[in-house]
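Computed over heavy atoms, backbone and side chain alike; hydrogens, waters and symmetry mates excluded. Please read these numbers as outputs of a predicted model, since none were measured by experiment. We count ligands from 1, going down the list as the structure has it; atoms in each ligand are counted the same way.
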Amino acid sequence: MILVLFGKPGAGKGTQAPLLAESLGVPTLATGDVLRAAVRGGTKLGLEAKACMERGELVPDSVILGIVAEELKQPQYAKGVILDGAVRTVPQAEGLANMLKGLGRKVDAVLAFDIDNDEIVQRLSDRTVCEKCQTPYRGRKVGDVCEKCGGALVRRKDDDPDAIRTRLTAYEQQTAPVLDWYKTHGDTVVVVDAVGSVEDVKRRALGALGK
Ligand code: AP5
């Protein structure tokens, strides 16, 4: 299965991705995580992406499509993939569709998390993430220990108020039109209410996917 997770920054894509991966038996690919690892590693990709990411702007389409193309060659994605935040512009949706067509595959479903901006601002203002495995937490302090890997929790630079505003604007202007692109191209788009407990959102998502 090739599943695209779609939604505003802070909608819960990164929280739900590993839960859905466990239930659906396919691995996740989060472009934000790949980019942050590149920034930490000081690679060419990381240097290219760092400033955009810290300002809350989108990284160029060519960079994202390059990452996705490289990653999808890896054998762990042979059975499928849950793409977390990997499609945020119409050119990215088109590029991914062409790439998959070349592999004899297609997007099976787009799962869109629905949530309003006030809830997003509250979530992101209260988020810490593990510096090692990137697991997001809410209501935990910087320096607390990650339950999954023992790494230290940190704040993301793009979770400051200015960057949150920029990310929401980027979503409205560049990302929201992607849903219409998928609908007009006949792809399956399912929308789930992203407010409620993490477990409830997961149950709704699996139900919407018929699982
Ligand atoms: P990325 O890391 O993908 O950031 P994002 O899309 O802004 O999404 P977030 O990680 O902020 O939020 P999320 O939806 O995963 O929510 P989370 O589960 O953490 O990308 C970062 C940057 O990389 C981009 O800004 C861009 O620069 C670049 N980039 C990446 N992909 C790109 C692309 N395709 N094109 C161009 N540029 C790209 O949840 C948020 C908080 O809420 C957490 O604290 C969590 O614990 C909490 N929470 C989750 N679910 C619930 C719930 N049900 N109830 C209460 N709290 C909850």
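The stretch residues 59-90 participates, sequence neighbours left out, in no ring pair (Phe, Tyr, Trp, His ring centres under 6.0 Å) pair at all.
When hydrophobic side chains of Ile, Leu, Val, Met, Phe, Trp and Tyr are connected at separations under 4.5 Å, L153 ends up clustered with Y137. Residues V129 make up the rest of the hydrophobic cluster containing V154, defined by ILVMFWY side-chain heavy atoms closer than 4.5 Å, directly or through other members.
Salt bridge R167/D159: present, at least one basic N to carboxylate O contact under 4.0 Å.
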Checking R36 against R156 for the side chain to side chain contact (heavy atoms under 4.5 Å, CB included) test, could you report, in this order, the C-alpha distance in whole Å, the side-chain angles of both residues, the deciding distance, and whether it holds? CA-CA 10 Å; R36 277 185 291 277; R156 270 173 48 174; 3.2 Å; yes

Test salt bridge (Lys or Arg N to Asp or Glu O under 4.0 Å) on E57 and K50; report intermediate values, then the result. CA-CA 10 Å; E57 294 166 5; K50 187 171 190 278; over 6 Å; no

Would you mind listing each N/O atom of ligand 1 next to any protein N/O under 3.5 Å, plus the distance?
unit_1, atom_1, unit_2, atom_2, d
ligand 1, 2 (O), R36, NH1, 2.8
ligand 1, 2 (O), R36, NH2, 2.9
ligand 1, 2 (O), R156, NH1, 3.3
ligand 1, 2 (O), R156, NH2, 3.4
ligand 1, 3 (O), R88, NH2, 2.4
ligand 1, 4 (O), R156, NH2, 3.2
ligand 1, 6 (O), K13, NZ, 3.1
ligand 1, 6 (O), R88, NH1, 2.7
ligand 1, 6 (O), R88, NH2, 3.1
ligand 1, 7 (O), R167, NE, 3.4
ligand 1, 7 (O), R167, NH2, 2.7
ligand 1, 8 (O), K13, NZ, 3.4
ligand 1, 10 (O), R127, NH1, 3.2
ligand 1, 10 (O), R156, NH1, 2.9
ligand 1, 11 (O), R127, NH1, 3.1
ligand 1, 11 (O), R127, NH2, 2.8
ligand 1, 11 (O), R167, NH2, 2.5
ligand 1, 12 (O), G10, N, 2.8
ligand 1, 12 (O), R127, NH1, 3.3
ligand 1, 14 (O), G10, N, 3.4
ligand 1, 14 (O), A11, N, 3.2
ligand 1, 14 (O), G12, N, 3.0
ligand 1, 14 (O), K13, N, 2.9
ligand 1, 14 (O), K13, NZ, 2.9
ligand 1, 15 (O), G14, N, 2.7
ligand 1, 16 (O), G12, N, 3.1
ligand 1, 18 (O), G14, N, 3.4
ligand 1, 18 (O), T15, N, 2.8
ligand 1, 18 (O), T15, OG1, 2.6
ligand 1, 19 (O), R127, NH1, 2.6
ligand 1, 20 (O), R88, NH2, 3.4
ligand 1, 27 (O), E57, O, 2.6
ligand 1, 31 (N), T31, OG1, 2.8
ligand 1, 31 (N), G85, O, 3.2
ligand 1, 31 (N), R88, NE, 3.3
ligand 1, 31 (N), R88, NH2, 3.3
ligand 1, 34 (N), G85, O, 2.9
ligand 1, 34 (N), A86, O, 3.4
ligand 1, 34 (N), Q92, OE1, 2.9
ligand 1, 35 (N), Q92, NE2, 2.9
ligand 1, 37 (N), V59, N, 3.0
ligand 1, 44 (O), Y137, O, 2.9
ligand 1, 53 (N), G196, O, 2.8
ligand 1, 54 (N), R123, NH2, 3.3
ligand 1, 54 (N), G196, O, 3.3
ligand 1, 56 (N), R138, NH1, 3.3

